[in-house]
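What follows is one structure encoded as structure tokens, with my remarks underneath.
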Amino acid sequence: MQNPLLNFNMKIQYILLIIFCILLNCKSPANGIELKKLTKNSPSINKVKNDSLKAKFATDIIIFINAYNDGDLELFCNMIYPKLFELQSKEEMIKLMERVQNNGMNIKSEFQDIEKISNLVFYKNEVFCRIYYHIVISVKLSGELLKNKDKFKLDVERIYGKDNFVYEDKTSSFFIEAKKSMFAISSKGSGVWKYLEYNEEDEKTTSGLIPLDILEEIGK
């Protein structure tokens with residue numbers, strides 16, 4: 001029987017927003033793209049725009065997280081950057097998330113705050129922004145996963161650090177404090193943002209969806 005913990009890394013990253021990177025290889029886009037940063041205005045105007053964007057992103061992230069928490073996976077997937085579905089279809093992703101929920105891993109997340117956002121960067125007909133945020137994740141185990149909680153604990157410690165989680169025997173739950181980042185992408189002039197989680201352990205996937213020059217530009 002296959003150990004359900006073998007796919008832990010992929011499972012836990014689905015709930016981290018943004019956007020849940022799929023651990024697949026893909027080709028990076030061609031180099032030599034042209035970047036155009038937004039023209040800087042006065043500091044006061046920039047601050048207003050920054051605060052407005054942070055408020056918009058915070059609202060979207062809360063909707064995004066609650067959609068997963070409430071099992072509205074259709075809404076959840078509709079907020080993901082569509083290019084991710086070139087690697088795995090939306091239908092397959094929904095089935096995978098349903099299996100996660102049915103295999104003894106009940107995951108709930110709570111948005112805390114946005115630490116900061118990057119400058120906006122134009123590329124072709126899209127605008128990119130990187131969001132740095134905090135989130136608390138609770139993972140309640142049952143069945144086979146609960147029997148292997150020690151292995152699960154090692155995985156959590158490796159990914160998040162031993163000081164960033166606790167395990168509660170009474171509820172068979174892990175509580176994880178995570179500092180994460182994601183990309184917000186919008187078509188120029190649309191005002192609608194889609195989201196993609198940044199996964200440091202699988203930069204090939206991220207760089208296949210977000211051009212490397214943009215990663216360097218808004219990752220500073």
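When reading the values below, keep in mind they use all heavy atoms of this one structure, side chains included, and skip hydrogens, waters and symmetry mates.
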Legend entry - F57: ring pair (Phe, Tyr, Trp, His ring centres under 6.0 Å) partners, not counting sequence neighbours: W193
Inset, instruction - Just jot down the side-chain contact (heavy atoms from CB on, under 4.5 Å) partners of A58, sequence neighbours excluded, or say none. - result: F111, I114
Inset, instruction - Applying side-chain contact (heavy atoms from CB on, under 4.5 Å), name anything that partners S89, two or more places apart in sequence or on another chain. - result: E91, E92
Legend entry - Test applied, side chain to side chain contact (heavy atoms under 4.5 Å, CB included); reference residue, Y195; option that passes from I185, I80, D60, L84: D60
Legend entry - Identified side chain to side chain contact (heavy atoms under 4.5 Å, CB included) counterpart of S181 within the set E197, E115, R130: R130
Inset, instruction - For Y123 and E217, test the side chains for any donor-to-acceptor distance below 3.5 angstrom and give the result as yes or no. - result: no
Legend entry - Heavy-atom donor-acceptor pair, K108 side chain to N69 backbone, under 3.5 Å: yes
Inset, instruction - Determine the interplanar angle of the F183 and Y198 rings, folded into 0 to 90°, and report it as parallel if under 30°, tilted if 30 to 60°, perpendicular if over 60°. - result: perpendicular
Inset, instruction - State, yes or no, whether a side-chain contact exists between P82 and K194 at a heavy-atom distance under 4.5 Å. - result: yes
Inset, instruction - Kindly indicate whether the side chain of M93, heavy atoms from C-beta on, has any atom under 4.5 Å from the side chain of M97. - result: yes
Inset, instruction - Determine, stepwise, if the pair L120 / L53 fulfils side-chain contact (heavy atoms from CB on, under 4.5 Å). - result: CA-CA 10 Å; L120 300 182; L53 267 180; 3.7 Å; yes
Legend entry - E98/K95 salt bridge by N-O under 4.0 Å criterion: no
